[in-house]
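These numbers come from a predicted model, not from an experiment. In this chain, residues are counted from 1 in sequence order.
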Amino acid sequence: MSQDTTLINKQRQDLSQHHSVWLFGYGSLIYKVDFPYLERKAATIEGWSRRFWQGSHDHRGTPEKPGRVLTLVETPGELCTGMAYRVTPEVFEHLDHREKNGYLRFFTPLSFDDGSQDQGLVYIATEDNAAFLGAAPEADIARHIAGSSGPSGSNAEYLLKLHTGLAELGVTDPHVEKIRHHLVQYL
Ligand code: SIN
């Protein structure tokens with residue numbers, strides 16, 4: 001039931017001519033930094049919102065019982081703040097594998113906290129991918145998260161570490177807050 005996007009990402013975007021590329025992280029890429037980077041700084045993208053609408057068969061769930069993790073959903077006017085990392089192109093070998101369960105990488109404009117701007121890559125699981133779960137009430141999402149875990153750990157840990165990472169960036173995300181509010185009753 002999963003769709004491995006590793007090859008699609010490689011074929012769509014040849015990054016070998018770049019000396020370095022900015023990667024924008026809005027979910028686990030904020031708090032789980034298992035790759036080398038040249039520099040990092042907080043950044044914001046416009047027109048996107050975080051949503052726990054993507055199924056996870058490989059990290060926070062299993063093929064039989066997928067968890068729920070983040071993707072971005074187009075929302076005109078919304079700002080999404082996360083962490084940007086400047087990485088060498090080879091790092092995408094690792095990142096494409098890590099984000100293989102339905103995520104495609106897209107270039108998007110980044111506005112950094114220091115006022116500068118650049119293009120960067122962001123991994124988005126679009127609604128046409130096989131692992132997409134879609135919208136649900138936040139209380140239902142919390143119950144789903146509370147009952148899921150996979151090779152990378154519990155689904156609740158994903159949400160709680162994200163919440164801490166966002167707080168360190170000074171970000172309060174209403175969708176994440178609502179799910180956390182419901183989730184704590186199960187912990
Ligand atoms: C991201 O963090 O930017 C992508 C989604 C995830 O891996 O949680």
Side-chain angles (χ1 to χ4, degrees), residues 5-54 56 59-60 68-129 131-132 152 158-177 179-180:
T5 49
T6 314
L7 198 61
I8 307 171
N9 277 319
K10 220 186 174 102
Q11 285 169 348
R12 271 162 40 106
Q13 279 173 349
D14 175 19
L15 302 173
S16 59
Q17 299 310 310
H18 293 258
H19 167 69
S20 65
V21 183
W22 282 104
L23 162 72
F24 177 78
Y26 58 89
S28 71
L29 289 171
I30 292 177
Y31 64 81
K32 186 177 176 187
V33 189
D34 58 355
F35 52 90
Y37 60 89
L38 304 166
E39 62 176 311
R40 75 170 166 184
K41 45 189 180 177
T44 298
I45 60 175
E46 196 185 328
W48 298 93
S49 311
R50 288 179 186 83
R51 289 290 180 269
F52 274 85
W53 290 6
Q54 174 65 3
S56 177
H59 286 297
R60 303 292 178 166
R68 264 195 186 254
V69 291
L70 282 177
T71 185
L72 291 179
V73 173
E74 268 190 283
T75 319
E78 275 297 308
L79 298 178
C80 176
T81 296
M83 186 62 84
Y85 307 85
R86 193 162 63 80
V87 301
T88 56
E90 308 83 70
V91 174
F92 284 91
E93 292 279 330
H94 168 70
L95 294 170
D96 284 352
H97 179 74
R98 172 173 160 170
E99 304 296 323
K100 67 182 184 309
N101 197 41
Y103 292 84
L104 295 175
R105 42 175 150 89
F106 299 89
F107 273 107
T108 190
L110 305 185
S111 300
F112 298 104
D113 271 18
D114 60 12
S116 63
Q117 299 194 326
D118 208 339
Q119 293 287 315
L121 283 172
V122 58
Y123 283 93
I124 299 176
T126 54
E127 60 184 44
D128 53 358
N129 87 85
F132 192 76
S152 297
Y158 179 107
L159 186 130
L160 296 173
K161 285 193 169 174
L162 169 76
H163 185 262
T164 303
L166 290 176
E168 284 167 6
L169 286 168
V171 173
T172 306
D173 184 310
H175 177 68
V176 176
E177 291 296 325
I179 295 169
R180 181 172 172 271

For this session: For residues Phe24 and Leu29, determine if any side-chain heavy atom of one lies less than 4.5 Å from a side-chain heavy atom of the other.
Result: no
Problem set entry | Phe35 CZ to Thr88 OG1 distance, which is reported to the nearest 0.5 Å | 11.0 Å
Problem set entry | Side-chain H-bond candidate by donor/acceptor type, Asn101 with Gln54, under 3.5 Å | no
Seminar exercise, completed: Hits for salt bridge (charged side-chain N to carboxylate O under 4.0 Å, His left out) against Glu90, two or more places apart or cross-chain, chain-then-number order -> none
Problem set entry | Those residues that, when tested against Asp128, pass side chain to side chain donor-acceptor pair (under 3.5 Å) (two or more places apart) | Thr126
For this session: Go through the structure and list residues passing salt bridge (charged side-chain N to carboxylate O under 4.0 Å, His left out) with Arg51, not counting sequence neighbours.
Result: none
Problem set entry | Atom pair CG/CG of Asn9 and Asp14 - distance to nearest 0.5 Å | 12.5 Å
Exercise. What pairs meet the salt bridge (Lys or Arg N to Asp or Glu O under 4.0 Å) rule with one or both residues in residues 105-127, with sequence neighbours excluded?
Worked result: Lys41-Asp114, Asp96-Arg105
For this session: Report yes or no: is the cationic atom of Arg68 (NZ for Lys, CZ for Arg) closer than 6.0 Å to the six-membered ring centre of Tyr158, at no more than 45° off its axis?
Result: no
For this session: Apply the test side-chain contact (heavy atoms from CB on, under 4.5 Å) to residues Tyr37 and Leu23: give CA-CA distance (whole Å), side-chain angles for both, the deciding distance (0.1 Å), then the verdict.
Result: CA-CA 10 Å; Tyr37 60 89; Leu23 162 72; over 6 Å; no
Seminar exercise, completed: NZ (Lys161) and CG (Leu166) are apart, to the nearest 0.5 Å, by 14.0 Å
For this session: Only counting residues at least two apart or in another chain, list the ones meeting salt bridge (charged side-chain N to carboxylate O under 4.0 Å, His left out) with Asp34.
Result: Arg98
Which donor-acceptor pairs under 3.5 Å do side chains of residues 70-80 form with protein atoms, sequence neighbours excluded?
from: Thr71; atom 1: OG1; to: Ala125; atom 2: N; distance (Å): 2.9
from: Thr71; atom 1: OG1; to: Ala125; atom 2: O; distance (Å): 2.9
from: Thr75; atom 1: OG1; to: Ser49; atom 2: OG; distance (Å): 2.6
from: Thr75; atom 1: OG1; to: Val73; atom 2: O; distance (Å): 2.9

Exercise. Residues two or more places apart in sequence or in another chain: which of them pass side chain to side chain donor-acceptor pair (under 3.5 Å) with Thr5?
Worked result: none
Exercise. Under 6.0 Å between ring centres, would you say that holds for Trp48 and Tyr26?
Worked result: no
Exercise. When you look at Phe107 and Val21, which way does the side-chain contact (heavy atoms from CB on, under 4.5 Å) test go after all the steps?
Worked result: CA-CA 10 Å; Phe107 273 107; Val21 183; 4.2 Å; yes
Problem set entry | Under the side chain to side chain contact (heavy atoms under 4.5 Å, CB included) test, residues paired with Ser152 that sit two or more places apart | Lys32, His59, Arg60
For this session: Report yes if the side chains of Lys10 and Thr6 come closer than 4.5 Å at any heavy-atom pair, otherwise no.
Result: no
Exercise. Is it true that a side-chain atom of His18 and a backbone atom of Pro89 form a donor plus acceptor pair closer than 3.5 Å?
Worked result: no
Problem set entry | Ile45 side, atom CD1; Leu110 side, atom CG - distance, nearest 0.5 Å | 7.5 Å
Problem set entry | side-chain contact (heavy atoms from CB on, under 4.5 Å) evaluation trace for Val87 with Phe92 | CA-CA 8 Å; Val87 301; Phe92 284 91; 3.5 Å; yes
Seminar exercise, completed: Closest heavy-atom pair, Ala43 versus Phe112, reported as atoms and distance to 0.1 Å, is CB-CD2, 3.7 Å
For this session: Apply salt bridge (charged side-chain N to carboxylate O under 4.0 Å, His left out) to Arg180 and list each qualifying residue two or more places apart in sequence or on a separate chain.
Result: none
Exercise. Does some side-chain heavy atom of Tyr103 sit less than 4.5 Å from a side-chain heavy atom of Val69?
Worked result: yes
For this session: In sequence, state the C-alpha distance, the side-chain angles, and the governing distance for Leu15 and Leu121, and then conclude on side-chain contact (heavy atoms from CB on, under 4.5 Å).
Result: CA-CA 11 Å; Leu15 302 173; Leu121 283 172; 3.8 Å; yes
Problem set entry | Residues forming a side chain to side chain contact (heavy atoms under 4.5 Å, CB included) with Pro109, sequence neighbours excluded | Gln119
For this session: Decide if atom NE2 of His97 counts as having more than 12 heavy atoms of other residues, nucleotides or ligands within a radius under 6.0 Å.
Result: no
Seminar exercise, completed: One should read off an interatomic distance between Asp173 CG and His163 NE2, to the nearest 0.5 angstrom, of 9.5 Å
Seminar exercise, completed: All heavy atoms of Gln117 vs all of Ser111, minimum pair found to be NE2-OG, 3.3 Å
For this session: Kindly write out the residues that satisfy side chain to side chain contact (heavy atoms under 4.5 Å, CB included) with Leu169, not counting sequence neighbours, or none if the list is empty.
Result: Ile30, Ala42, Met83, Val171
For this session: Check side chain to side chain contact (heavy atoms under 4.5 Å, CB included) between Ser20 and all other residues, then give those that pass, not counting sequence neighbours.
Result: Leu38, Arg86
